Amino acid sequence: MGLRAKIGIAIAATAAVVAVLVGVLVHNRTVDAQFDLAAESIDGRLQSLVQDRAAGVDSGRAIVNPPDLPGPLEAAVRHGKRGVYLEPDGPKPHLWAATELDGDIIALKRPYVREQETLRSLDRVLWMSGIAGTALGCVVGLLVAHRLGRRLTASAATAQRIAEGDLTARLPLGGKDEIAQLTSAVNTMADALAARLQAERDVTANIAHELRTPVAGLVAAAGLLPPSRPTELVQDRAQHVRSLMEDVLEVARLDARTEEADTELRPLGELARRTVRAMGAGSGIGSGAGAGAGGAAGGSGQDGDGGVRRAVEIRVLSDALVETDPRRVERILVNLISNALRHGAAPVTIEVERGVLRVRDSGPGFPETLLAHGPQRFRTGGGSDGHGLGLGLTIASGQARVLGARLTFANPEGGGAEATLDLSEALRTEEDPESGRGPERAGPTDESFGRGGGKTGGDGTDRARDRGMGRGRGRDRTSSDRP
């Protein structure tokens, strides 16, 4: 139950309780006032009759020794008291007044119907007023709850936008109540968070920029060394440092949110095949730390730990045309595949189903911190080797944000880890203007890729390197760490 409903119900319940209490109070006071007035009137008439009878004047209105006199009143009279008694029993209520004179009981009796009807009319008015007051309280409660709920909802929505990375989101200030204090606190928190994150991004970008020239010189110097095993090690480490630096620069560009997607209409299954072929052929997208740790990250290359052969399998359940940036989709796939090869276990499966890509491995699964908070840069989850800066999945998430896609991580019930790239919003139902093919092609296909980009099944040519996949904006290189 939402806060608005709770506030509305609370105010309506309060109005109902107040109406009932007021109604009961008015009812009881009216009953007492009616009885006091009627008792005073009939007692005065009884005293006049007794005085007349004592003077020898009999008006005939008095009842002498009535047989139906109520017992409590008769007992009081026998003890020398004069009393008034309301007899509620019988078809009609009656009001009695009696006293004793010369051994006889002198009494008066009159109907009490008029007072009862007046009381019933009053009760009807009280009920109607109570219902009307409760209804008014409900309306007022809903209005108040709606106003408060709208302000709280706006606060929650703004906090969510801040959590998603929009550090410019702020709440309008107004009022002096507790919600206004909450609004001010949220804005203050957003200002502090924005300043801290901006400082961290500036430091990251500045360090990467300052390192570009010395790292480029280091790579060039390593290339001039005479061929030898130590030279190979130096060159490999220099390339690794350069790749890490370029990853940090890419993260800084993604943080700045200045990147824009260069969209084309492409079959999603073809993008997945080309990506894996390019990785298996040892193109630029698989170089650096990711490919170095996972072998030629195309499937059956040799890994760096013990020569374990790993296969990458593609399953196209139903292909579809998507209007997206192919380079960025390939970049995301490379990072996800390399991450699965490095920290997961074979087999690694890429599943294409219309506008959704799933990368699944058979390893221990993603860490709970990643599932709860998403990828975090410069933080690893203690993978198989414990190395890396945690940039691979961070870059993949940033590229997905640029595409307007959704990248989620999960541990399926059957074991392993599963990353899902949802490009459903980029689906196009019209035919491809170049090939004339529709958005879906019948029949699922399975393809396995080995070293050197060889594959069984499927078709198409490897144009990844011709397109410069792995270069361009930020050089698409995977840092395959599972944060």
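By convention here, the first residue in the shown sequence is residue 1. Only a predicted model underlies this, so the values are computations on that prediction, with no experimental measurement involved.
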Heavy-atom check, side chain of Phe409 versus side chain of Ser397, under 4.5 Å: yes
Sub-4.5 Å side-chain heavy-atom contact between Leu336 and Ile350: no
side-chain contact (heavy atoms from CB on, under 4.5 Å) partner of Val334, the single match among Val276, Ile395, Thr275: Thr275
Distance-only polar pair, side chains of Gln399 and Arg328, donor-acceptor under 3.5 Å: yes
Student check: side-chain heavy atoms of Glu353 and Arg358 closer than 4.5 Å: yes
Sequence neighbours excluded - salt bridge (Lys or Arg N to Asp or Glu O under 4.0 Å) pairs with any residue from residues 131-149: none
Verdict with supporting geometry, Arg331 and Glu250, salt bridge (charged side-chain N to carboxylate O under 4.0 Å, His left out): CA-CA 12 Å; Arg331 170 65 158 150; Glu250 184 173 359; 2.5 Å; yes
Pairwise side chain to side chain donor-acceptor pair (under 3.5 Å) hits with a residue in residues 185-196, at least two apart: Arg170-Asp191
Residue pairs, two or more places apart or on separate chains, that pass side chain to side chain donor-acceptor pair (under 3.5 Å) and touch residues 217-229: Ser228-Thr231, Arg229-Glu232
Separation between CG of Leu321 and CG of Leu265, rounded to the nearest 0.5 Å: 5.0 Å
Arg150 and Thr153 side chains, donor-acceptor separation under 3.5 Å: no
Flag side-chain contact, heavy atom, 4.5 Å: Glu264 against Asp325: no
Main-chain N/O of Ala417 paired to Asp361 side chain as donor or acceptor, under 3.5 Å: yes
Rounded distance (nearest 0.5 Å) linking atom CZ of Arg360 with atom CG of Asn411: 11.5 Å
Check ion pair Arg315-Glu313 (N to O, under 4.0 angstrom): yes
